[in-house]
Amino acid sequence: MRAANPTLSPDAVNVDAVVSTIGFPLVGGPAGSMEGARQAELAQEILLSKNVPYFVAAPLLIQDIKSWYQTGIGGLQSVVLYALPELDGAIDAIALGGLCCGDKEFCNANRDLQACNREGGEIRLVKERLLKLTDRIKRWTALRTNANKDKRIAVVLYGYPPGIGATGTAALLNVPKSLMALLTRMKAEGYDVGELPEDPEDLMTLVRLADEQADNGQAFRNDNYASSGGGSVSVEQLEEWIGRADTKRVESNWGGRLDRSGIRTMGSGDKAQLLLGGVRFGNVWVGVQPPLGLPGDPMRLLFERDMTPHPQYAAFYKFLERAPDDGGFGADCFVHFGMHGTAEWLPGTPLGNTGECWPDIMTGGLPNVYVYAANNPSESLLAKRRGYGTLVSHNVPPYSRAGLYKELQAMRGLLADYFESAGRSGASDDADEAASGFATKSGQTTTGGIGASGSGAVQAVDAAAMEKMEGAPTTEGALLQTLFAAGLEQDCPLPAAAMAALEAAGGLDEGEKAVEAAAAQMVKDGVMMEYCEGLK
């Protein structure tokens with residue numbers, strides 16, 4: 001940490017947080033937004049000296065509440081409330097209110113705006129937004145005052161795209177090793193991380209197993225799953241957590257009741273269980289973020305404005321936030337581990353959360369530490385603004401051209417040799433001319449020349465005499481040997497006749513001899529050129 005700003009008095013008051021209610025830069029206010037008047041380094045020194053969270057919460061002075069709720073914060077207000085303070089390091093920007101729109105019918109239709117008695121054009125405070133701000137400030141400051149050994153941390157991993165082995169991965173980040181490094185550092189700083197596996201992959205195996213059990217229903221009434229920290233929430237409990245109004249919104253999109261989505265739900269009625277997965281290591285809970293949509297439509301929520309998260313998704317986040325005596329894990333903070341998560345993409349206003357926006361509802365009051373690649377500022381801003389993410393950036397791994405490797409590189413060269421030989425000998429698609437492309441060892445005498453004459457011309461090989469040939473493999477035979485070495489025989493299966501010839505010659509156990517027999521059969525049947533085109 002840099003030295004404290006010498007202009008700060010030694011007798012300066014200690015604070016737990018700094019809240020700006022005007023937006024704009026920390027130093028200079030509106031004037032500081034001009035390039036010549038910016039004092040970013042001074043603002044940085046002040047914030048480093050205090051070393052406390054810096055929040056920005058202000059009313060919208062030139063935008064009415066109706067347009068905010070309908071289309072989000074726009075234009076100059078987004079610059080004042082978000083962009084300029086973010087340059088100083090502000091987090092969790094919350095709009096506290098705006099100009100009264102004068103539309104009583106609109107206000108009465110929104111639960112947080114009802115009973116407005118102000119005239120159009122007056123500044124109106126939205127009480128629910130003020131309560132959200134105070135809740136988030138309290139939870140952030142508690143992270144400083146609570147002992148590390150008592151803090152509960154939830155780590156959220158990803159599994160997108162679902163069903164293809166991507167669980168526990170993130171773009172441009174080695175999740176297993178990075179997560180193990182984080183937990184090891186936390187243990188050294190006094191956090192209770194329980195007994196950790198020695199191998200990072202073993203840790204991920206435990207997390208994946210719990211997620212699979214939740215997905216296939218094996219977690220239901222499973223004592224081993226529960227004892228290792230696997231989460232489950234009853235439909236009745238979820239409704240109590242999110243309230244009747246939001247329950248109705250969810251139900252209207254997911255089958256009419258919370259137990260009818262078909263997503264990781266076991267049983268029916270109020271006692272139906274929503275299975276969450278997750279493994280607990282001491283006071284750290286590691287789980288996989290639920291998919292956004294349905295199998296076959298995993299990104300459903302991104303394109304329907306009135307859509308809601310499904311019940312199991314809502315239960316996942318509320319479980320993390322709620323206290324243990326209320327049936328939850330009781331996290332003090334959660335860590336979204338890498339890009340890309342999905343909570344920040346949930347339906348709601350594009351910018352400037354209201355109490356009815358799903359990113360706001362899911363995040364609740366929990367501090368959200370978000371590990372994000374440094375090369376993606378556009379999407380990380382969504383995580384910061386809509387998901388209240390406090391970004392911890394990481395460098396991306398170095399890039400280089402991958403190219404082909406091992407057997408594939410050899411195969412490319414063999415294919416080039418084959419097509420070059422076929423071209424010189426005037427090969428065509430019919431069987432006889434395809435055989436003329438059968439390359440042989442340099443200087444070897446062959447029989448049955450087709451379409452070529454003169455010194456140095458490539459001669460065709462008589463397929464019947466192929467088995468009598470000795471020495472280095474033909475190009476075609478080498479191609480097939482390389483194919484088998486690369487393990488591509490399932491992706492690029494040989495014709496049935498070639499496989500029969502291979503087996504008749506003793507199979508792969510016979511090595512080169514059997515593979516050459518298969519190659520000879522393909523030349524004889526006139527399919528080698530077509531097969532090589534497919535390989536290319």
Side-chain angles (χ1 to χ4, degrees), residues 1-63 68 72-99 123 125-126 129-130 132-145 333 351-353 365 367-370 372 374 376-378 380-394:
M1 183 182 296
R2 295 171 60 184
N5 182 353
T7 63
L8 292 177
S9 167
D11 299 324
V13 64
N14 290 322
V15 297
D16 295 311
V18 174
V19 182
S20 169
T21 59
I22 63 171
F24 295 105
L26 178 65
V27 178
S33 59
M34 304 296 291
E35 181 63 28
R38 277 198 59 77
Q39 300 187 58
E41 291 188 1
L42 179 57
Q44 184 182 37
E45 290 183 5
I46 293 173
L47 293 173
L48 284 172
S49 298
K50 291 301 182 184
N51 193 27
V52 296
Y54 170 43
F55 301 88
V56 173
L60 307 176
L61 301 179
I62 57 174
Q63 184 173 355
W68 164 28
I73 296 174
L76 182 60
Q77 290 284 185
S78 67
V79 176
V80 171
L81 191 60
Y82 286 92
L84 292 174
E86 283 170 348
L87 293 175
D88 291 331
I91 61 172
D92 292 10
I94 294 177
L96 295 180
L99 298 177
I123 295 293
L125 176 71
V126 178
R129 291 289 81 193
L130 180 60
K132 172 66 71 173
L133 173 65
T134 56
D135 186 27
R136 296 197 64 79
I137 292 174
K138 287 178 181 179
R139 296 201 184 218
W140 268 108
T141 55
L143 288 177
R144 179 185 292 273
T145 57
C333 171
L351 180 63
N353 286 336
N368 179 13
V369 177
Y370 212 130
Y372 222 96
N376 193 353
S378 57
S380 66
L381 275 180
L382 285 175
K384 179 180 178 68
R385 294 172 171 180
R386 301 188 82 231
Y388 300 117
T390 297
L391 302 180
V392 177
S393 299
H394 67 84

Closest non-hydrogen contact found for Pro85 with Phe24 is CG-O, 3.5 Å
Enter the distance from Phe55:CZ to Ile137:CD1 here, rounded to the nearest 0.5 Å.
-> 5.0 Å
Can you tell me how far the CG atom of Asp92 sits from the CG atom of Asn368, to the nearest 0.5 Å?
-> 8.5 Å
With a 4.5 Å limit on heavy-atom distance, are the side chains of Asn51 and Arg144 in contact?
-> yes
Side chain proximity check, Asn353 to Arg129, heavy atoms < 4.5 angstrom = yes
Do you know which two heavy atoms are closest between Ala57 and Leu133, and how far apart they sit?
-> CB-CD2, 3.5 Å
Passing candidate, side-chain contact (heavy atoms from CB on, under 4.5 Å) with Ile91, options Lys384, Arg385, Arg136 = Lys384
Is there side-chain contact between Ile94 and Tyr388, with at least one heavy-atom pair below 4.5 Å?
-> yes
Taking atom CG of Asp16 and atom CG of Leu143, what is their separation to the nearest 0.5 Å?
-> 11.5 Å
Is a side-chain N or O of Gln63 found less than 3.5 angstrom from the main chain of Leu76, in a donor-acceptor match?
-> no
Does Ile123 reach the side chain of Leu99, with side-chain heavy atoms less than 4.5 Å apart?
-> yes
Here the pair of heavy atoms bringing Tyr54 nearest to Gly89 is CD2-C, 4.1 Å
Can you name the closest pair of heavy atoms from Leu130 and Leu125 and give their distance?
-> CD2-CD2, 4.0 Å
Nearest 0.5 Å please: distance from the CG atom of Leu351 over to the CG atom of Leu81.
-> 8.0 Å
Min side-chain heavy-atom separation Tyr370-Thr390 under 4.5 Å = no
Shortest non-hydrogen contact between Asp88 and Ala43, atoms and distance | OD1-CB, 3.7 Å
Any side-chain heavy-atom pair from Gln77 and Leu61 closer than 4.5 angstrom?
-> yes
Between CG on residue Asn14 and NZ on residue Lys50, distance to nearest 0.5 Å | 6.0 Å
Would you mind reporting whether Leu87 and Pro25 have side-chain heavy atoms less than 4.5 Å apart?
-> no
Trp140 versus Pro53, closest heavy-atom pair with distance = CB-CG, 4.1 Å
